[in-house]
There are 2 protein chains.
Amino acid sequence: MVGTHGTSEAKRLVGHQAETDVELVPDARGRTNRPEPGCPVEVALAAISGRWATLVLRELMHGPCSFGELRARLPSLTAKVLTDRLGELVAQGLVVKDRLPGFPVRTSYRLTAAGMELRPLLIALYDAGSRVLAALPPHD
Amino acid sequence: MVGTHGTSEAKRLVGHQAETDVELVPDARGRTNRPEPGCPVEVALAAISGRWATLVLRELMHGPCSFGELRARLPSLTAKVLTDRLGELVAQGLVVKDRLPGFPVRTSYRLTAAGMELRPLLIALYDAGSRVLAALPPHD
DNA sequence: CGGGATCCTTACGGATACTG
DNA sequence: CAGTATCCGTAAGGATCCCG
């Protein structure tokens with residue numbers, strides 16, 4: 001399980017002063033009062049930010065993939081945006097690009113060890129979204 | 001270890017055709033090839049999207065909070081952006097705004113049941129970010 | 001095949017000043 | 001106190017055409 005999201009008997013917050021909620025903010029890097037790049041939350045957000053990012057990651061979770069295959073699986077994604085997205089992921093060290101020599105050129109993108117660490121996050125996103133939808137009034 | 005991200009014997013993907021990875025994409029709503037608002041992942045992303053969103057949510061996780069308290073806890077967040085962020089959260093049904101009559105006016109923002117469902121997601125973000133940082137080469 | 005180079009448009013975050 | 005009203009600069013997403 002991704003997260004026995006057991007808030008079970010976690011923390012009650014008797015007062016209302018935010019006395020370091022250890023479950024929510026385990027260590028000092030998260031006790032920031034503004035968006036700082038070093039905060040783990042920001043690192044994770046950067047990874048999944050940008051339109052199409054989670055979809056590209058989802059595809060790569062299945063294994064290495066070429067540029068063209070990604071385009072084929074995500075038809076409404078334009079080449080420019082895909083290039084952008086992959087570039088960011090590579091810059092963040094989450095994906096590596098292998099250029100296979102020959103002609104026509106073939107490339108292969110695959111997740112790094114760091115990138116694979118995002119799998120539970122994708123699942124958590126799906127999970128949280130599902131629960132939110134379920135908890136929401138019939139509609140709007 | 002935080003998460004033996006148990007792909008244990010989950011799915012091996014013998015070929016490379018993405019045959020519905022049940023762990024990653026449990027049901028049809030996630031088997032989309034483009035960003036659709038109905039997808040649970042998009043719902044979750046919408047909730048945490050926008051600068052400061054996760055920080056505002058973190059504060060509200062501690063319990064109800066007034067506009068001014070939020071500003072005090074997030075000093076570099078301007079009133080306009082806070083208003084924007086809260087407005088989006090309210091529109092998504094994740095937060096409710098209580099206006100206490102009297103003067104000066106007092107308001108109180110608190111999470112709805114749906115909003116509380118986001119707690120595990122915030123933890124997952126922290127977690128994933130931490131693991132990514134740990135898996136990343138010393139630096140670059 | 002796998003992009004790079006442009007151009008365009010809108011959305012977003014932020015600053016500042018003012019109001020019920 | 002709790003916002004609203006403007007204005008602004010930037011950057012993100014997308015469309016189109018071209019190149020090695």
Side-chain angles (χ1 to χ4, degrees), chain A residues 16 32-37 39 41-42 45-57 59-60 64-92 95-110, chain B residues 16 32-37 39 41-42 45-57 59-60 64-92 95-110:
Chain A
H16 62 325
T32 173
N33 60 345
R34 80 169 92 181
E36 282 179 291
C39 174
V41 172
E42 292 295 319
L45 281 174
I48 59 173
S49 285
R51 221 157 133 79
W52 297 96
T54 55
L55 289 164
V56 171
L57 286 170
E59 294 308 321
L60 291 177
C65 208
S66 73
F67 192 87
E69 280 171 334
L70 286 171
R71 291 215 62 191
R73 293 187 191 175
L74 306 170
S76 11
L77 171 53
T78 67
K80 190 255 200 176
V81 175
L82 177 54
T83 302
D84 287 359
R85 225 46 50 196
L86 288 170
E88 290 163 14
L89 292 172
V90 168
Q92 291 168 94
V95 166
V96 284
K97 171 183 185 173
D98 298 334
R99 265 195 113 85
L100 321 178
F103 195 83
V105 186
R106 280 229 139 229
T107 59
S108 181
Y109 292 90
R110 61 184 164 77
Chain B
H16 63 324
T32 172
N33 60 346
R34 79 169 93 178
E36 281 180 290
C39 173
V41 173
E42 291 297 318
L45 280 175
I48 59 173
S49 285
R51 220 158 133 79
W52 297 96
T54 55
L55 289 164
V56 171
L57 285 170
E59 294 307 321
L60 291 176
C65 208
S66 73
F67 191 87
E69 281 172 334
L70 287 171
R71 291 215 62 191
R73 294 187 190 174
L74 306 170
S76 11
L77 172 53
T78 68
K80 189 254 200 175
V81 175
L82 177 54
T83 302
D84 287 358
R85 225 48 46 191
L86 287 169
E88 289 163 16
L89 293 172
V90 168
Q92 291 169 95
V95 166
V96 284
K97 171 182 185 174
D98 298 334
R99 265 195 113 85
L100 320 178
F103 195 83
V105 185
R106 281 228 138 231
T107 59
S108 181
Y109 292 91
R110 62 185 163 76

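A note on names: the letters A, B, ... follow the listed sequences, proteins ahead of strands, and every chain is numbered from 1.
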Taken to the nearest whole Å, CG/B:Asp84 to C1'/C:dA15 is 13 Å
In whole angstroms, the gap separating P of C:dC1 from CG of A:Leu86 amounts to 17 Å
In terms of heavy-atom contacts, A:Arg51 and A:Arg85 come closest through O-NE, 3.3 Å
note: B:Asp98, atom CG; D:dC1, atom C1'; distance rounded to Å ~ 16 Å
In whole angstroms, the gap separating C1' of C:dG20 from CZ of B:Arg106 amounts to 17 Å
Between B:Ala79 and A:Phe103, whichever has its closest DNA chain D nucleotide further toward 5' is B:Ala79
Looking only at D:dG13, C:dG14, C:dG2, the nucleotide nearest the B:Thr78 side chain is C:dG14
request  = Determine whether any donor atom in the side chain of A:Lys80 lies under 3.5 Å from an acceptor atom in the base of D:dG13, or the reverse, and answer yes or no.
outcome  = yes
Between B:Arg71 and D:dA2, is there a contact of a side-chain N or O with OP1 or OP2 at under 4.0 Å? no
Rounded to whole Å, CZ of B:Arg34 lies from P of D:dG14 at a distance of 11 Å
task: Respond yes when some side-chain nitrogen or oxygen of B:Thr107 is under 4.0 Å from OP1 or OP2 of D:dC1, and no when none is.
output: no
Closest non-hydrogen contact found for B:Leu55 with A:Arg34 is CD1-C, 3.5 Å
Are any side-chain N or O atoms of A:Glu69 and backbone N or O atoms of A:Cys65, one a donor and one an acceptor, separated by less than 3.5 Å? no
When every non-hydrogen atom of A:Glu59 is compared with those of A:Leu70, the smallest separation belongs to CB-CD2, 3.7 Å
Between CG of A:Leu82 and P of D:dA15 the distance, given in whole Å, is 14 Å
Do side-chain atoms of A:Arg106 reach the backbone of A:Arg99 as a donor and acceptor pair under 3.5 angstrom?
no
Whole-Å distance, B:Leu100 CG to D:dG3 C1', equals 15 Å
Q: Using a cut-off of strictly less than 4.0 Å, decide whether A:Arg51 has a side-chain nitrogen or oxygen near OP1 or OP2 of D:dG14.
A: yes
- Check whether any side-chain N or O of A:Thr83 sits under 4.0 Å from OP1 or OP2 of C:dG2, and answer yes or no. no
Rounded to whole Å, CZ of A:Arg99 lies from C1' of C:dG4 at a distance of 11 Å
Think B:Trp52 has a side-chain N or O under 4.0 angstrom from the OP1 or OP2 of C:dC12?
no
Per atom distances to the B:Val81 side chain, the nearest of C:dG14, D:dC1, C:dG3 is C:dG14
Per atom distances to the A:Pro104 side chain, the nearest of C:dC1, C:dG3, D:dG13 is C:dC1
